[in-house]
Amino acid sequence: MTTMLASDLPLPRIGRGKVRDIYGVGDDRVLLVTTDRISAFDVVMAETIPMKGAVLTQISAFWFNELEGAVPHHMISADADEIIGELPSLGDHRTDILGRAMLCHRTTVFPVECVIRGYLSGSAWKEYAQQGTLAGEKLPPSLVESAKLEPAIFSPATKAETGHDENITIARMREVVGDEVAYTLESMTRAVYRLGEKLARDQGIIIADTKFEFGRDQDGRIILIDEVMTPDSSRFWAADAYKPGQPQPSFDKQPLRDYLDAERRAGRWNGDAPPPPLPASVVDATSKRYLEAYRRVTGTELII
């Protein structure tokens with residue numbers, strides 16, 4: 001499978017994120033193409049990570065299938081041949097979309113990230129360690145890093161086009177989307193996380209935290225969109241190595257982050273674009289992390 005830095009399909013491109021290219025398909029559908037681009041510390045690398053786009057797309061497809069009947073979602077198909085059957089103009093682009101494209105219902109996206117934290121880690125741990133709060137809300141005293149949070153904490157964030165999303169209070173979320181929508185988004189977030197966290201744990205993975213996006217479809221329903229419980233949107237830990245009171249090794253881009261941290265400490269990178277070139281060993285190690293995440297979550301090897 002060839003790697004992809006950017007896609008070029010015979011459809012109107014209506015958006016480009018750090019990782020995904022978004023194409024319009026009429027008025028009611030979109031095609032999401034997940035490239036092999038990778039970002040760290042809000043900087044997109046020049047190199048691609050082999051299989052990364054397919055891993056993200058196919059893990060999301062796995063979860064959407066598992067969630068069928070539990071919550072409505074936007075996926076129509078993540079199978080290249082089914083997509084070509086719907087969109088014959090992509091017949092000559094099968095290699096480009098193989099494994100990495102998802103045909104979806106189009107929605108009006110709510111401008112909030114729905115973050116849910118089952119464990120105290122990352123930015124949540126930093127805030128708690130300094131102030132005893134998460135997004136300004138008081139947490140119980142004496143919690144340790146990576147502690148399990150019971151119940152899981154819903155902590156929404158603003159969606160940032162560039163840079164980091166910013167944690168907000170639920171009260172602020174209600175001001176942005178309204179009380180009824182805020183209640184629905186939190187309820188759906190908790191329902192998806194409960195199901196996903198249990199299924200992942202059965203496979204030896206702890207989903208420490210994750211973020212979801214939701215939109216309103218053309219029938220007025222609120223549905224789950226974007227990616228779901230992938231290594232890019234979640235913090236995955238190995239259940240058999242979990243030790244509260246310290247950081248946990250994760251199944252994501254940690255080899256890349258470690259390399260960039262070392263370059264920054266050595267004074268060879270200032271943290272801004274352009275990033276330093278990535279050694280082949282870092283690219284390979286990061287690709288293997290993503291493939292291992294897919295294997296752990298789904299219980300199968302990724303075959304494209």
Side-chain angles (χ1 to χ4, degrees), residues 1-26 29-61 74-84 86-104 106-107 109 159-165 213 225-228 230-233 252-253 255-257 259-260 269 271-280 282-291 293-294 302 304:
M1 185 179 185
T2 56
T3 61
M4 176 186 284
L5 183 62
S7 65
D8 184 17
L9 300 178
L11 295 169
R13 196 176 72 218
I14 59 176
R16 170 167 283 173
K18 290 177 183 174
V19 172
R20 283 174 186 77
D21 296 341
I22 306 168
Y23 293 89
V25 180
R29 295 178 295 174
V30 292
L31 187 74
L32 303 184
V33 179
T34 309
T35 70
D36 297 311
R37 297 194 293 269
I38 191 166
S39 67
F41 306 118
D42 300 317
V43 177
V44 178
M45 303 296 112
E47 294 80 6
T48 53
I49 303 300
M51 297 297 287
K52 177 178 181 280
V55 165
L56 296 181
T57 298
Q58 295 306 319
I59 284 184
S60 289
H74 73 163
M75 184 177 78
I76 298 170
S77 178
D79 178 271
D81 294 320
E82 289 180 5
I83 292 170
I84 290 169
E86 291 284 322
L87 305 172
S89 65
L90 297 181
D92 292 336
H93 298 267
R94 186 177 185 276
T95 302
D96 297 328
I97 67 171
L98 187 63
R100 65 173 76 252
M102 185 180 291
L103 184 64
C104 303
R106 190 185 289 223
T107 67
V109 182
K159 285 166 58 79
E161 292 297 322
T162 59
H164 286 293
D165 297 337
E213 291 194 45
I225 65 169
D226 198 52
E227 62 183 320
V228 177
T230 72
D232 274 19
S233 66
D252 62 3
K253 57 186 87 166
L256 171 60
R257 290 197 190 98
Y259 172 74
L260 294 175
W269 183 45
D272 297 326
L278 302 182
V282 173
V283 170
D284 183 59
T286 305
S287 179
K288 286 177 177 174
R289 283 288 184 98
Y290 277 90
L291 287 165
Y294 179 89
L302 179 58
I304 298 296

Just wondering, do Met75 and Leu103 contact through their side chains at under 4.5 Å, heavy atoms? no

Can you name the closest pair of heavy atoms from Val282 and Leu256 and give their distance? CG1-CA, 3.9 Å

Do Lys52 and Asp36 sit within salt-bridge range, that is, some charged N less than 4.0 Å from a carboxylate O? no

State, yes or no, whether a side-chain contact exists between Arg20 and Leu56 at a heavy-atom distance under 4.5 Å. yes

Does the side chain of Pro276 reach to within under 4.5 Å of the side chain of Leu260, using non-hydrogen atoms? yes

Could you check whether any side-chain heavy atom of Ile304 comes within less than 4.5 Å of a side-chain heavy atom of Gln58, counting everything from C-beta outward? yes

Under 3.5 Å: donor-acceptor pair, side chain of Thr34, backbone of Thr57: no

All heavy atoms of Arg94 vs all of Ala80, minimum pair found to be CG-CB, 4.5 Å

Do Met4 and Thr95 come within less than 4.5 Å of each other through their side chains, counting heavy atoms only? no

Side-chain contact, heavy-atom cut-off 4.5 Å: Leu90 with Leu31? yes

Within a reach of under 6.0 Å around CG of Asp284, are more than 12 heavy atoms found that belong to other residues, nucleotides or ligands? yes

Flag side-chain contact, heavy atom, 4.5 Å: Leu5 against Glu47: no

Using distance alone, with no hydrogens and no angle criterion, decide if Thr230 and Tyr290 have a side-chain donor and acceptor under 3.5 Å apart. no

May I ask you to say whether Asp8 pairs ionically with Arg13, meaning some side-chain N is under 4.0 Å from a carboxylate O? no

Check: Lys288 and Pro255 side chains under 4.5 Å, non-hydrogen atoms: no

Start with the C-alpha gap between Ile14 and Tyr23, add the side-chain angles, then the distance that decides, and say whether side-chain contact (heavy atoms from CB on, under 4.5 Å) holds. CA-CA 5 Å; Ile14 59 176; Tyr23 293 89; 5.9 Å; no

